[in-house]
Amino acid sequence: MRAPQTFEEVDVFFPDTLDAALIAQADPNRRGRVLAGGTDLMVQWEAGVVPLPPRVISIKHLPVLRQIEENPGMLIIGAGVTHKQLRASPLVRQYLPSLAEAAATIGGEQIQVMGTIGGSVANASPAGDLAPSLMVAEGDVVLASVRGERRVPVTACWTGYRQIDCAPDELIVRFELTKMPAGYCEGWRKLGPRQAQAISKIMGSFRGQLTDGIITDFKVAVGSVAPTCIRLYELEQWLVGKPCDAATCNEAETRARAGVHPIDDIRSTAAYRQWVTGRMIRSFLQTLEVK
Amino acid sequence: MSDLKLQVNGKWVELDVPQSRYLAEVLRYDLGLTGTKIGCNESECGICSVLVNGTPVNSCIYPAFKAQGAAIITIEGLEQDGRLHPLQQAFLDHGAVQCGFCTPGLIMTAKALLDEKAAAKQPVTEHDIKVALKDTYCRCTGYQSVINAILQASGQDVKPYIPKTKAPCQTIGHALPNPDSLAKITGRAMYTDDFVFPGMLYARTKRAGVPHARIRHIETAEAAALPGVRAVLTHADVPGRQNHGLVTVDWPVLCSDKVRYAGDAVAVVAADSEEIAAAALELIKVDYETLPVVDDPIQAGQPDAPIVHEERPDGNLLKHIKVRKGDMAAGFAAADVVVERTYRTPMTEQMFLEPECSIGVPRGYDPTAFGGTIDPAAQRGVQYRHDKTTIYCGTQIPYLDREQTAAALNVPPEQVRIVAALMGGGFGGKEDIAAQIHVALLAERTGRPVKMLYTRAESLLFHPKRHATIIRIKTGAKRDGRLTAVEAELYGDGGAYASLSEKVMTRATTHASGPYDVPHVKVDCYAMYTNNTPCGAFRGFGVTQSCFAVESNMDLVARELGLDPIAFRRINALDVGGTTCTGQVMRESVGLQECIAGVEADMRAHHTALGEAFRWSWSEGRKHYAWGIGIGYKNTGLGGGAPDKASAIVETGVTDGQVWAEVRTSSAEMGQGLPAVLAACAAEELGLPYGQVRVLLGDTDHCPDGGPTTASRQTYVSGNAARHAARTLRARLQQVVADHFGQPVEQWSFADGQFSANGTRAGLVEAIEWAQASGQPTWEEYEYWAPKTQPLGTGGDMHVAFGFGAQAALVEVDDDTGAIKVLKIVGAHDVGRAINPLTLEGQIEGGIIMCLGNALTEHFINEQGQAWTDVMARYKMPSIKHTPEIISRIIEHQTADGPYGAKGIGELSSIPTTPAIVNAIANAVGVRFCSVPVDQDALLLAWKAGETECLCGWGYEH
Ligand code: FES
Ligand code: FES
């Protein structure tokens with residue numbers, strides 16, 4: 001079949017239930033590209049960056065995908081939850097504060113109400129705003145198909161540049177993320193705001209614990225410095241057990257720079273990204289210290 | 001097709017549309033609710049926002065069926081019982097409406113915010129507004145008025161920001177909304193794409209796609225055979241002149257032998273739908289022999305460079321422009337300090353929010369033949385029988401559109417009519433021919449109206465932009481701070497066609513020694529052809545570029561001399577008695593010293609208010625702060641010996657006992673507020689309330705020629721034409737009154753809308769009625785000629801007047817990232833006279849923000865003649881969150897011949913901001929940036945490496 005030239009030719013499916021959606025996705029002849037909020041995909045189609053799919057399926061309206069719930073250890077967030085819901089939810093603000101913070105900075109009001117966590121994750125952009133917070137929270141992405149449910153750790157769900165571990169018949173249905181334990185703190189930063197032409201921002205999140213001046217746990221993830229959002233595991237291990245002081249900050253800054261290898265693409269220079277990554281780690285450690 | 005049920009503005013509607021239709025299309029094209037605008041179709045600009053169950057969505061990418069059963073509110077649904085919504089009223093009061101194209105989107109997004117805050121019983125803060133609206137763009141206002149308007153609408157007591165000006169006359173000098181603003185805030189305003197003619201076809205253009213190639217063959221048969229295609233035209237179908245062009249006629253209507261840039265038009269198609277037309281484009285096959293590409297103006301001058309126009313005598317040189325004053329050797333010999341640098345500015349994009357749209361209506365078009373109706377009262381539009389080839393479009397120069405279209409059609413100009421629709425911004429980018437000729441050709445071929453709406457991508461690809469320039473400038477000064485000499489060499493990238501390059505680069509050249517009295521000046525400018533997108537007019541007209549270079553060098557010289565940058569400028573600033581580099585002696589209206597003093601006072605006041613002494617720079621933690629200053633000037637009017645005239649008609653009449661007046665001229669309104677100026681001039685002269693004056697612009701059958709809307713000239717020339725027409729008409733009415741009473745006219749006088757003599761009085765109503773009864777015309781046409789100017793190189797007055805301005809920027813630079821924030825701009829502008837302080841301030845704020853974009857974010861990127869910037873998302877323009885606090889002072893050094901003393905302002909505010917910001921950055925972190933936009937990557941790396949200068953940011957190859 002010839003690829004559609006305009007959106008007019010695309011077949012759009014609005015299933016009434018999740019099951020109806022899964023059944024459609026199981027059939028190669030009915031399967032459609034998922035439209036969550038559509039903010040990213042539509043833009044890419046319009047711009048001709050990716051070819052139009054013959055069919056799309058819109059699932060954001062399904063109520064089961066729009067809930068935020070909790071159990072003792074986890075926060076369970078439906079894939080259709082919007083940025084605005086994330087930003088406003090008391091549960092998210094309490095247990096995944098950096099995710100709430102990240103969501104709050106995405107776009108103006110129109111994008112806030114359209115864009116969803118599932119869409120953002122599925123888009124698999126290395127500069128996805130929510131990715132670092134998910135990576136430090138840890139937990140699972142839950143995918144569903146007529147074959148049943150499958151779980152993938154969020155730290156392993158992106159397999160390459162704009163690639164995600166999700167079979168053609170699967171839909172992302174929810175995220176089960178580890179709540180931030182008491183005594184921990186989180187932070188999120190996006191550096192290099194929308195400034196000179198086309199420089200993409202660098203975003204990062206951390207979750208850590210400081211006990212009597214000693215770093216007892218530290219997780220940090222950075223986006224936009226590699227083909228996918230990455231955790232800086234080596235740096236994390238190095239930090240545990242260190243005092244949170246100026247010497248540690250200095251060394252961590254240097255190590256963070258050495259630990260990322262951005263490609264020098266059209267959007268920004270590698271040296272700049274390395275520099276900024278170092279500064280970000282420093283600011284995270286300072287946050288940990290004051291909180 | 002399936003059933004879509006929506007509740008739109010309180011009314012249920014049911015439609016049978018494809019599942020894939022977007023909400024914006026349903027609203028605009030299926031329901032005729034054209035108040036919702038489309039600016040990008042890529043979820044970037046936000047102006048298509050409507051409310052779906054109370055939440056604002058970008059309707060351009062919102063599948064209509066997602067809104068199944070939902071309540072939709074559009075701009076048309078805001079008025080309640082004929083009363084404006086508080087937001088609409090506030091936008092009007094604050095002058096937050098200029099071209100109006102973004103207004104529905106801003107208002108709808110703001111409404112969602114106000115509703116949400118009201119429900120939560122929370123006050124609305126400026127921060128809330130900046131967060132909610134950060135993806136809703138406005139290219140005209142600069143956002144400060146928008147923020148104030150939203151705050152007012154939320155119930156806070158926020159007054160419109162209007163700088164102090166001279167005491168007003170009856171109408172002149174009062175802050176009044178533009179007469180067309182009401183239509184814009186209610187969604188009733190008609191832009192070109194809002195017109196739908198019965199029987200209308202949709203057209204698309206086949207663009208070259210390659211920057212330089214010889215055309216071997218064009219094959220259109222397959223496209224023509226596609227069902228639904230009504231016409232496919234190529235160069236062979238252009239009956240008349242093959243090229244168009246504003247100055248040099250070198251731009252093919254449709255290319256025949258070669259293409260010179262990727263946006264060149266090769267064929268046009270009209271079809272029953274846009275989709276069919278787009279599909280037909282794919283079927284047109286063009287066989288190209290690709291040629292080597294020249295994409296840089298310096299390279300273009302090399303002997304081995306590929307030649308863009310083989311038929312021209314000077315290779316790729318479009319024009320060599322020279323300024324000579326004094327003796328350079330003597331000038332530099334006298335200097336104690338000489339500073340020389342090379343500066344680079346990029347190609348930038350006007351990014352008016354309304355993409356180009358034209359509708360051609362064929363001669364003899366009868367809407368009833370296509371199921372339409374005729375309204376006997378209509379003089380234009382969809383219910384009107386057209387006896388001429390008529391083009392509806394947004395244009396800055398209606399009469400030149402007419403002339404160029406007629407030449408291509410091979411008919412006399414009188415057989416073509418241009419009807420200017422409202423324009424969603426122009427900024428210079430709507431001076432050249434876009435699709436005007438194409439739709440005329442297609443309409444005449446098919447016998448039907450034909451609409452051509454450019455996509456954003458096509459608009460970016462096609463239209464002329466601001467010239468990328470390379471400016472080497474050498475400045476000499478004595479110890480005492482007096483400038484002795486300036487030498488400059490400029491290379492301007494004119495792109496593939498001449499457009500206005502010659503004029504723009506002339507302005508860059510003649511302003512290349514800045515608003516200073518410099519005894520010895522030599523400037524050489526080379527405007528070059530390349531295979532890039534053509535460059536032409538963009539607010540600032542070349543002076544934006546040269547001012548950046550001049551003012552950067554001025555700071556460097558001041559530093560070398562150990563002088564305060566402000567004091568140094570004041571020593572050299574032009575004043576009455578001074579001489580420009582072209583040899584023009586300033587006789588009057590030079591308020592520059594006062595502008596600089598005003599800015600300095602406001603910089604100091606900033607610190608005084610904080611209880612501290614003034615300082616140029618300081619640091620707080622990882623933030624570094626500094627002020628920077630820039631001053632500039634800009635000619636008003638065409639000048640250079642070009643005949644500069646405008647005509648206007650003022651007509652009066654009485655309807656239901658009330659006098660009205662109408663001003664008509666072809667001059668264009670693109671949001672800058674011309675109708676407000678014209679209405680004020682007529683109201684003042686006729687003693688009428690402002691609200692009783694209508695303005696009709698841009699219809700070549702009803703409006704006399706106002707000339708091009710360019711060079712900040714319309715207030716001056718068309719304002720004068722309207723003023724004189726109204727005066728002459730008033731004199732005639734005075735004669736009528738005198739005759740009526742059988743008294744000599746000299747005994748009569750006019751004041752407050754009344755004629756009186758010896759205790760006898762007569763109002764305008766009587767005067768008009770008596771005139772009509774005696775068969776005398778109650779209208780007057782006046783052709784205003786600006787004072788004669790001299791061509792460059794002959795000395796004397798090259799321009800009738802100059803506007804002057806000074807601005808200072810307070811910036812914050814982040815130590816971690818190099819991120820730059822402009823916190824405050826203080827500006828003072830000598831505009832001669834503030835005819836309408838509200839619309840004037842709108843021009844100032846909008847110009848400043850546009851120029852802030854020029855300094856920090858904007859760069860239209862070409863790579864080997866191909867536009868990398870091919871979607872709006874790849875062009876960063878300032879959003880509401882970039883908006884600094886703006887403090888504005890108006891200086892009024894009246895100019896004798898201007899209307900009430902006024903000069904132009906349209907471009908002036910968009911000139912000194914760039915150097916003010918770049919100078920501030922240098923003061924903050926010690927790194928001087930010699931190119932814009934200031935690239936924070938390069939800045940940070942240079943800064944951390946301890947360098948003091950950064951020659952080139954990202955995106956420059958040289
Ligand atoms: S965001 Fe919809 S038109 Fe620009
Ligand atoms: S008034 Fe906002 S874009 Fe023109």
Side-chain angles (χ1 to χ4, degrees), chain A residues 4-14 35 37-49 52 56 58 60-61 82 84 104-115 189 191-199 201-202 266-269 271-273 275-276 278-280 282-283, chain B residues 18-22 41-44 46 49 55-58 61-63 65-66 68 109 112-113 131-136 274-275 278-279 282 457 814-820 856-859 861 868-871 873-876 879 881 933-938 940-941 944 953-955:
Chain A
Q5 300 298 308
T6 70
F7 197 66
E8 294 281 304
E9 297 174 35
V10 176
D11 181 17
V12 189
F13 176 43
F14 294 89
L35 200 61
T39 52
D40 265 321
L41 272 185
M42 294 281 197
V43 174
Q44 291 173 14
W45 294 333
E46 282 293 339
V49 178
L52 279 169
V56 299
S58 177
K60 184 188 150 190
H61 58 283
T82 62
K84 186 161 188 176
T105 65
I106 302 176
E109 193 63 19
Q110 304 94 328
I111 305 295
Q112 282 274 314
V113 299
M114 291 267 279
R189 265 188 102 183
L191 294 183
R194 185 176 190 169
Q195 199 67 259
Q197 184 58 252
I199 289 171
K201 309 138 187 117
I202 293 164
I266 189 160
R267 292 175 151 222
S268 181
T269 52
Y272 177 78
R273 291 185 190 204
W275 167 270
V276 170
R279 299 304 279 194
M280 183 180 283
R282 171 185 288 278
S283 84
Chain B
Q19 280 263 346
S20 53
R21 207 137 169 88
Y22 291 116
N41 251 329
E42 52 167 289
S43 188
E44 185 65 19
S49 296
T55 44
V57 302
N58 285 338
I61 60 147
Y62 196 88
F65 275 84
K66 264 175 92 165
Q68 182 71 276
T109 316
L113 173 69
V131 169
L133 270 72
K134 75 175 172 192
D135 280 336
T136 311
E274 227 181 307
E275 289 70 33
E282 303 295 317
D814 182 302
D815 207 308
D816 282 355
T817 62
I820 301 150
L856 293 181
T857 64
E858 298 187 22
H859 190 165
I861 298 167
W868 182 84
T869 309
D870 55 357
V871 287
R874 286 185 160 186
Y875 192 79
K876 306 297 185 199
S879 76
K881 64 177 208 233
V934 174
D935 169 1
Q936 76 189 67
D937 288 30
L940 185 84
L941 297 175
K944 295 305 160 188
W954 178 84

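Lettering follows sequence order; numbering is per chain, from 1. As the structure is a computational prediction, the values presented were derived from the model and not from experiment.
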Taking all non-hydrogen atoms of both residues into account, name the closest pair between [X] and [Y] and its distance.
{"X": "I111(A)", "Y": "S43(B)", "result": "CD1-OG, 3.5 Å"}
{"X": "T817(B)", "Y": "Y272(A)", "result": "O-OH, 2.7 Å"}
{"X": "L941(B)", "Y": "A271(A)", "result": "CD1-CB, 3.9 Å"}
{"X": "P56(B)", "Y": "V113(A)", "result": "O-CG2, 3.1 Å"}
{"X": "Q110(A)", "Y": "S49(B)", "result": "NE2-OG, 2.6 Å"}

How far apart are the C-alpha atoms of M114(A) and I61(B), what are their side-chain angles, what is the distance that settles it, and do they pass the side chain to side chain contact (heavy atoms under 4.5 Å, CB included) test? CA-CA 10 Å; M114(A) 291 267 279; I61(B) 60 147; 4.0 Å; yes

Not counting sequence neighbours, which residues clear side-chain hydrogen bond (donor to acceptor under 3.5 Å, both in side chains) with T105(A)? List them please.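 Not a single residue meets the side-chain hydrogen bond (donor to acceptor under 3.5 Å, both in side chains) criterion with T105(A).
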
Okay, A457(B) and chain A: the region with an atom under 4.5 Å from a heavy atom over there is neither

Going by the rule salt bridge (Lys or Arg N to Asp or Glu O under 4.0 Å), which residues pair with R279(A) if we only count those two or more places apart in sequence or in a different chain?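 Once residues adjacent in sequence are excluded, the partners of R279(A) under the salt bridge (Lys or Arg N to Asp or Glu O under 4.0 Å) criterion are E253(A), D815(B), D816(B).
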
Counting heavy-atom pairs under 4.5 Å to chain A, which of T55(B), L133(B), T136(B), L940(B) comes out on top?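 Option with the top pair count is L940(B).
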
Run the numbers on Q68(B) and F14(A) for side chain to side chain contact (heavy atoms under 4.5 Å, CB included), then give the verdict. CA-CA 10 Å; Q68(B) 182 71 276; F14(A) 294 89; over 6 Å; no

